[in-house]
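Here's the structure, in structure tokens; my notes come after.
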Amino acid sequence: MAAKCGNTSSGFEAWKASFAKEAQRSGVGKRGLQALAASKYSSATISADRNQKSFRYSLSKFMQIRGSATIEAQGRKRLAKNPKFYASLEKHYGVPAGVLLAIHGMETGFGGFMGDTRVVSAIVTLTYDCRRSDFFKPHAIGALKLVDQGMITGNTRGAKHGELGHTQFLPGNAYKYGVDASGDGRVDLYNLADAMATTANFLRKNGWKPGKGYQEGQPNFRVIKEWNAATVYQQAIAIMAAKIDG
């Protein structure tokens, strides 16, 4: 029997063979299983997972390091450039433009950098790793199902923790909440329309109340917590979103 998890690369291949059986029982098909077999242990992912310093900063330091003033200015420009698009998203999902733009700016600098790590290898590595194996397992299954559907391949690049696209969706959430807003017949989170609609859909499905506030103490602030567990991140999104929304 392969070990349930491991903290070095030595047991990774044996664990993958065991996990493949579990993935198959969960509905992963041939292409997904091939992507799992081809995945490599990602040392860069483990290094990033052990070194998430920014979430321990004060709010003001966090916002300074993440470039909040730039995100706010760019967010307002993007909203002014494409108001109908964001109005249609708010009409359909109830999520204001500022929130979506703040997340987009915070996650990838509005698509400027969406990651350079192979998504499948990253998420499979985190599922094998003992630190948060149970958390990442549904996302690994989700990633393999995304491969089955042709939404990603084993070579698709994303962030160090396997997040993908404009707003850095974990694969299980991409699989669950994905929206084809561009109408081309597939969900592609590297396409802006699909990514923004999927982000709005995620927030709405996780309890967003249209027309209600999203600052600390208001009904929708807790939904921002569903997006990211770090308090400084949640506070920063709420503050920047309000400035973008005006």
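The first residue in the sequence is number 1, and the count goes up from there. Computed from heavy atoms alone, side chains included, the values below leave out hydrogens, waters and symmetry copies.
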**Report entry** Between F202 and W227, ring centroids under 6.0 Å
**Finding:** yes
Query raised in the report: Where the side chain of Y41 meets the backbone of V124, is there a donor-acceptor pair that is under 3.5 Å apart?
Result: no
Query raised in the report: Is the backbone N or O of N228 less than 3.5 Å from a side-chain atom of Q234, with the two atoms forming a donor-acceptor pair by type?
Result: yes
**Report entry** Non-hydrogen side-chain atoms of M151 and K145 separated by less than 4.5 Å
**Finding:** no
Requested in this report: Please tell me if the side chains of H161 and I123 come closer than 4.5 Å, counting only heavy atoms from C-beta onward.
Outcome: no
Query raised in the report: Is the closest basic N to carboxylate O distance between R186 and D188 below 4.0 Å?
Result: yes
Query raised in the report: For S39, does its backbone N or O pair with a side-chain atom of S121 as donor and acceptor, under 3.5 Å?
Result: no
Query raised in the report: With a 4.5 Å limit on heavy-atom distance, are the side chains of V95 and L89 in contact?
Result: no
Query raised in the report: Between K137 and T127, is there a donor-acceptor pair closer than 3.5 Å when you use the side chain of the first and the backbone of the second?
Result: no
**Report entry** T108 side-chain N/O to M114 backbone N/O, donor-acceptor pair under 3.5 Å
**Finding:** no
Query - Test item: D194 and D180 side chains (from C-beta on) under 4.5 Å apart, heavy atoms - result: yes
Report task. Determine yes or no for a side-chain-to-main-chain donor-acceptor pair under 3.5 angstrom, with S88 supplying the side chain and F85 the backbone. Result -> yes
**Report entry** Shortest non-hydrogen contact between T198 and L189, atoms and distance
**Finding:** OG1-CD2, 3.5 Å
Query raised in the report: Do L170 and Y175 have side-chain heavy atoms sitting under 4.5 Å apart?
Result: no
Report task. Could you tell me whether the side chain of Y214 and the main chain of A241 form a donor-acceptor pair under 3.5 Å? Result -> yes
Query raised in the report: Under 4.5 Å between any side-chain heavy atoms of C5 and R131, yes or no?
Result: no
Query raised in the report: Do we see a donor-acceptor contact under 3.5 Å between the side chains of T167 and T199?
Result: yes
Query raised in the report: Which class fits the ring pair F12 and W15: parallel under 30°, tilted 30 to 60°, perpendicular over 60°?
Result: parallel
Requested in this report: For the residue pair V179 and V187, establish whether any side-chain heavy-atom pair is separated by less than 4.5 Å.
Outcome: no
**Report entry** Side chain Q218, main chain K212, donor-acceptor under 3.5 Å
**Finding:** no
Report task. Could you check if a side-chain atom of R132 sits within less than 4.5 angstrom of a side-chain atom of L126, using non-hydrogen atoms only? Result -> no
Report summary line: All heavy atoms of A23 vs all of I141, minimum pair found to be CA-CD1, 3.6 Å
Query - Gap between atom CE of M196 and atom NE2 of H166 - 0.5 Å precision - result: 7.5 Å
Query raised in the report: If only atom types and distance count, is the side chain of W208 paired as donor or acceptor with the main-chain N or O of G94 below 3.5 Å?
Result: yes
Query raised in the report: Is a donor on one side and an acceptor on the other found under 3.5 Å between the side chain of S133 and the backbone of Y128?
Result: no
